[in-house]
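Before any comments, here is the structure.
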Amino acid sequence: MQPDLLPGATAASVLHQLRQHSPLIHCMTNDVVQTFTANVLLALGAAPAMVIEAEEAAQFSGLASALLINIGTLTSERAAAMLAAIHAANNAGTPWALDPVAVGGLAFRTRFAREIIQLKPAAIRGNASEILALAGEQAGGRGVDSTDDALSAIPAAQKLARETGAVIAVTGEIDYVTDGERTLAVNGGGELMTRVVGTGCALSAVVAACCALPGDRLDNVASACRFMSLAGEQAIAASRGPGSFTPAFLDALYHLNAEVLA
């Protein structure tokens, strides 16, 4: 059965909630994408904070609206800080989202990701190879690049959602978002988005932000995907290549509105 398309009116409603609540997002993300991630959150109306020292991270995750765990540049010290932040977030009832960067390809991060998905993430956002590997299925992948098709990863994503209780977003040419029972498809974006570092990692931060909002979590996570894919389409149309894409993308996020989403 083909997944349903996310209704534009749903995404418009979630964007309104995002700008109204302006959630504070604790981003424990990789070193390559911190500035871009912060700018994406700010452009959409959320508030970013990058706190990585273990003692502070545990304190701050209880104060934030949501926590992002991105394991792109994972170290043993950072893993300990992330675990402390996750436990503090769970104690405070703060939702947290996981970006399992390059899971399946490298042993240390794969073990860590499989450990922390037992700690009840609200959402997991990854490419097809990452989601397949996290679900214990045979997967390809080359570092952060997927060699698997997003559509083929839907059964693994549904299984992972049922096992963890998380909403799973598998991103690719079309994004698929599932809670294990219902699955939504999100169109948009374009190849130029893969020629700029950080679009997927920033999406995971937007997913975390949308997990902090009231309403249906599946709709909220799918809406996060739609914000990014639509802004990506608009930025591709307005730019001449990767160098002009990034400012056009941030502008498109800033100018997103209910009319264009609907």
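Heads up: numbering here begins at 1 and tracks the sequence.
- Residue pairs meeting the salt bridge (Lys or Arg N to Asp or Glu O under 4.0 Å) criterion with at least one partner in residues 30-59, sequence neighbours excluded, are D31-R78.
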Subject >> Stepwise side chain to side chain contact (heavy atoms under 4.5 Å, CB included) check, I174 with L151 >> reply: CA-CA 8 Å; I174 299 173; L151 185 62; over 6 Å; no
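- A donor atom on one side chain and an acceptor atom on the other are not found under 3.5 Å apart for S223 and R226.
- With sequence neighbours excluded, the residues satisfying side-chain contact (heavy atoms from CB on, under 4.5 Å) with E259 are N257.
- Under a cut-off of 6.0 angstrom, the local environment of CZ in F108 is crowded, with over 12 non-hydrogen atoms contributed by other residues, nucleotides or ligands.
- Using a 4.5 Å cut-off between side-chain heavy atoms of Ile, Leu, Val, Met, Phe, Trp and Tyr, with links allowed through other members, V177 and L18 fall into the same hydrophobic cluster.
- Partners of H16 by side-chain hydrogen bond (donor to acceptor under 3.5 Å, both in side chains), not counting sequence neighbours: none found.
- Among residue pairs with one or both ends in residues 159-192, none qualify as ring pair (Phe, Tyr, Trp, His ring centres under 6.0 Å); sequence neighbours excluded.
- Atom CD of E163 sits in a crowded spot, with more than 12 heavy atoms from other residues, nucleotides or ligands closer than 6.0 Å.
- With S13 contributing its side chain and A9 its backbone, the two residues share no donor-acceptor pair below 3.5 Å.
- Rounded to the nearest 0.5 Å, atoms CG (N220) and SG (C211) are 7.5 Å apart.
- Residue pairs meeting the salt bridge (Lys or Arg N to Asp or Glu O under 4.0 Å) criterion with at least one partner in residues 196-221, sequence neighbours excluded, are R182-D216, R182-D219.
- In this structure, CD1 on I69 lies 4.0 Å from CD1 on I86, to the nearest 0.5 angstrom.
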Atom pairs and distances, side-chain donor-acceptor, residues 238-245, under 3.5 Å, sequence neighbours left out:
{"residue": "S239", "atom": "OG", "partner": "A235", "partner atom": "O", "Å": "2.8"}
{"residue": "S244", "atom": "OG", "partner": "R240", "partner atom": "N", "Å": "2.8"}
{"residue": "S244", "atom": "OG", "partner": "G241", "partner atom": "N", "Å": "3.4"}
{"residue": "S244", "atom": "OG", "partner": "G241", "partner atom": "O", "Å": "3.4"}

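- With sequence neighbours left out, the side-chain contact (heavy atoms from CB on, under 4.5 Å) criterion links V197 to V32, V33.
- Every pair passing salt bridge (Lys or Arg N to Asp or Glu O under 4.0 Å) that includes a residue from residues 192-212 is listed here, sequence neighbours excluded: E191-R195.
- Sorted by first and then second residue, the pairs that involve residues 23-72 and meet ring pair (Phe, Tyr, Trp, His ring centres under 6.0 Å), not counting sequence neighbours, are H26-F60.
- Partners of T199 by side-chain hydrogen bond (donor to acceptor under 3.5 Å, both in side chains), not counting sequence neighbours: none found.
- Among residues at least two apart or in separate chains, there is no ring pair (Phe, Tyr, Trp, His ring centres under 6.0 Å) pair with a member in residues 207-235.
- With hydrogens and angles disregarded, a donor-acceptor distance shorter than 3.5 Å links the side chain of S61 to the backbone of A58.
- Taken from CE in M82 to CD in E115, the straight-line distance is 12.5 Å, to the nearest 0.5 Å.
- Remark: A156 engages L132, A135, E137 in a side-chain contact (heavy atoms from CB on, under 4.5 Å) (not counting sequence neighbours).
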